[in-house]
Amino acid sequence: MSGCGSCSSCSLDDKAREYRNSDGKPAVKCTFCGKEVTFDKLPKHCRVTCPECKTDIKVIPLLLN
């Protein structure tokens with residue numbers, strides 16, 4: 001996705017709350033396809049990319065939930 005913000009699948013406003021999955025890993029649900037996206041450490045820019053549909057997701061860190 002280009003991240004131009006012109007469609008819902010790559011909107012720059014895609015935000016998801018961080019949570020701990022059943023394995024205890026930090027994760028978010030993709031705002032477009034619903035796939036669980038896990039990561040070891042939240043990147044400084046607080047963004048992750050869904051491996052399934054390539055949606056760029058802004059993560060709302062667990063401490064701010």
Side-chain angles (χ1 to χ4, degrees):
M1 300 295 164
S2 66
C4 66
S6 65
C7 66
S8 63
S9 66
C10 65
S11 170
L12 296 176
D13 293 328
D14 287 337
K15 297 177 185 172
R17 295 180 188 268
E18 178 184 0
Y19 63 91
R20 297 289 174 173
N21 69 7
S22 59
D23 295 330
K25 289 188 168 195
V28 294
K29 287 278 186 193
C30 177
T31 56
F32 184 70
C33 70
K35 180 173 177 63
E36 182 177 76
V37 180
T38 60
F39 44 92
D40 292 323
K41 185 176 178 184
L42 185 61
K44 284 190 176 189
H45 54 76
C46 292
R47 299 189 88 77
V48 295
T49 302
C50 176
E52 189 75 23
C53 68
K54 306 301 183 217
T55 297
D56 185 44
I57 305 163
K58 176 150 178 70
V59 178
I60 300 170
L62 191 60
L63 295 174
L64 298 179
N65 282 324

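- For the atom pair CD1 of I57 and NZ of K54, the computed distance is 11.5 Å after rounding to the nearest 0.5 Å.
- Closest heavy-atom contact between K15 and T31: O-CG2, 3.3 Å.
- In terms of heavy atoms, G34 sits closest to K29 at O-CD, 3.3 Å.
- A donor-acceptor distance shorter than 3.5 angstrom exists from the side chain of N21 to the backbone of D23, with no hydrogens or angles considered.
- In terms of the side-chain contact (heavy atoms from CB on, under 4.5 Å) criterion, residue partners of C33 (sequence neighbours excluded) are, by chain and number, C30, K35, C50, E52, C53.
- Listed here is the closest heavy atom pair of F32 and T55: CB-OG1, 3.4 Å.
- Here the closest non-hydrogen pair linking R20 and L62 is NE-CD2, 3.9 Å.
- Closest of all the heavy-atom pairs between D14 and D56 is CB-O, 3.7 Å.
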Expected list for residues 37-45: side-chain donor-acceptor pairs under 3.5 angstrom, two or more places apart:
unit_1	atom_1	unit_2	atom_2	d
H45	ND1	R47	N	3.2

